[in-house]
Amino acid sequence: MPDSPIVYLNGKFLPLDQACVPVLDRGFIFGDGVYEVIPAYGGKLFRLAEHLLRLDHSLDGVRTANPLTHAAWEKTLVDLIGKNAGGGNTDQYIYLQVTRGVAKRDHAFPKGVTPTVFAMSNPLPPIPESYAAQGIAAVTLDDIRWKYCHIKAITLLPNILLRQEAVDKGATEAILVRDGEVTEGAASNVFIVKNNTVITPPKSPRLLPGITRDLILELAAQHGIAWREAAISERALREADEVWLTSSTKEIMPVTRLDDARVGNGKPGPMWQRMTTLFQDYKRTLRGGSHA
Ligand code: PDD
């Protein structure tokens with residue numbers, strides 16, 4: 001790892017401390033942009049095609065053309081990992097963002113601007129051992145976000161306020177509830193297990209279509225685990241045998257305390273153990289190079 005990581009900005013690789021964006025960038029002024037977070041295990045990008053497809057959908061949602069082809073993204077991200085990970089052997093995660101570009105401040109889209117493209121790769125922090133041993137605490141909070149939560153927008157103020165409220169209450173994550181139904185976490189998707197069935201809310205503009213979420217449903221289907229996409233009421237959440245939160249950087253977190261009540265028997269559950277084993281097997285195969 002070089003002292004100052006190498007980042008990608010508008011077609012160039014350069015040290016992080018030399019990467020600068022003009023203050024009139026609409027990302028800075030308006031939060032007018034979208035992003036992705038992509039893990040790379042042993043240098044292999046996790047579900048790159050799916051992440052790039054979600055990036056396309058986010059860009060469509062904010063009416064911006066993708067400035068790079070998928071092939072160009074792949075080359076850029078693979079090069080970036082190679083420049084930061086001692087040859088690509090450590091686990092990293094890519095953060096990339098595309099903003100509408102630099103223009104005089106005006107809410108309406110400026111004409112003829114070039115989007116700003118930024119990507120960095122950082123070491124992927126290990127999952128705390130306490131997650132498997134004890135699980136995590138979560139609190140339910142009112143989902144105060146906008147109606148386009150399927151767009152991975154950089155404008156994250158509600159998510160930040162919600163996460164901080166959870167942290168202030170001694171919890172790791174907030175589980176958001178809109179009109180009596182669970183949507184997702186502040187930066188994660190939600191699953192429950194009830195009578196050995198894995199359940200997660202269906203995709204809709206109320207939640208981000210998580211790449212980890214999709215893989216979990218795929219693994220369940222492949223291994224004969226019952227699963228369903230269905231609305232989860234706040235009550236069903238509280239009566240669940242298990243509750244999980246998933247994301248690219250945190251994998252599958254077992255929630256064992258919810259608003260100061262125990263979830264199930266208060267320990268990470270057997271279905272969580274099983275799914276985590278399948279997930280780790282998947283990562284091992286990815287490292288070995290058999291799938292993406
Ligand atoms: N966030 N929902 C929200 C609101 C998220 O921000 C995330 C991930 C997810 C899970 O998606 P995925 O499995 O594709 O990571 C769901 C990333 C990790 C972040 O903002 O850092």
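Note that ligands are numbered from 1 as they come in the structure, with each ligand's atoms numbered from 1 the same way.
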Taking only non-hydrogen atoms of I211 and a 4.0 Å limit, the atoms of ligand 1 in range are 12 (P), 13 (O), 14 (O)
Taking only non-hydrogen atoms of A186 and a 4.0 Å limit, the atoms of ligand 1 in range are 4 (C)
Looking at S188, A153, G185, P158, the heavy atom closest to atom 9 (C) of ligand 1 belongs to S188
**Q280 versus E251, side-chain donor and acceptor atoms under 3.5 Å** = yes
Of all protein heavy atoms, the one nearest atom 2 (N) of ligand 1 is E184 OE1, 2.6 Å
Residue, atom and distance of the protein heavy atom nearest atom 20 (O) of ligand 1 read Y35 OH, 2.6 Å
Of all protein heavy atoms, the one nearest atom 13 (O) of ligand 1 is T212 OG1, 2.6 Å
Q. Without hydrogens or angle criteria, can the side chains of T116 and R26 be said to hold a donor-acceptor pair below 3.5 Å?
A. no
| query | In terms of side-chain heavy atoms, does D143 have a donor or acceptor partner in T183 at a distance below 3.5 Å? | reply | yes
Per-atom filter on ligand 1: closer than 4.0 angstrom to a heavy atom of S248 are 12 (P), 13 (O), 14 (O), 15 (O)
Nearest non-hydrogen protein atom to atom 6 (O) of ligand 1, with distance, is A187 CA, 3.4 Å
So, Y282 and R287: side-chain donor and acceptor under 3.5 Å apart, yes or no?
no
Nearest non-hydrogen protein atom to atom 17 (C) of ligand 1, with distance, is K152 NZ, 3.4 Å
### Query
Among side-chain atoms of T90 and Q92, is any donor-acceptor pair under 3.5 angstrom?
yes
**Prompt:** How are the rings of F279 and F46 set relative to one another: parallel (under 30°), tilted (30 to 60°) or perpendicular (over 60°)?
**Reply:** tilted
Identify whether the distance between the nearest side-chain nitrogen and carboxylate oxygen of K267 and E242 falls below 4.0 Å.
no
Of all protein heavy atoms, the one nearest atom 18 (C) of ligand 1 is T249 OG1, 3.9 Å
Dump the intermediate steps for ring-ring contact (aromatic ring centres under 6.0 Å, His included) on Y35 and Y95, then the final yes or no.
-> CA-CA 7 Å; Y35 76 107; Y95 172 89; 5.5 Å; yes
Within the 4.0 Å heavy-atom cut-off, what V37 brings close to ligand 1 is side chain
The atoms of ligand 1 lying under 4.0 Å from a heavy atom of G210, numbered in the order shown, are 11 (O), 12 (P), 13 (O), 14 (O)
Notebook entry, point to check: With a 3.5 Å cut-off and no angle check, do the side chains of S188 and E173 form a donor-acceptor pair?
Noted result: yes
State plainly whether the residues E218 and R213 are in salt-bridge range, i.e. N to O under 4.0 Å.
no
Any heavy atom of C149 under 4.0 Å from ligand 1? The part involved is neither
Of all protein heavy atoms, the one nearest atom 10 (C) of ligand 1 is N189 OD1, 3.5 Å
Next item on the list: Looking only at distances, please establish whether an N/O atom of ligand 1 is found under 3.5 Å from an N/O atom of T246.
Entry: no
_With the threshold set at under 4.0 angstrom, would you say R54 reaches ligand 1 through any of its heavy atoms?_
yes
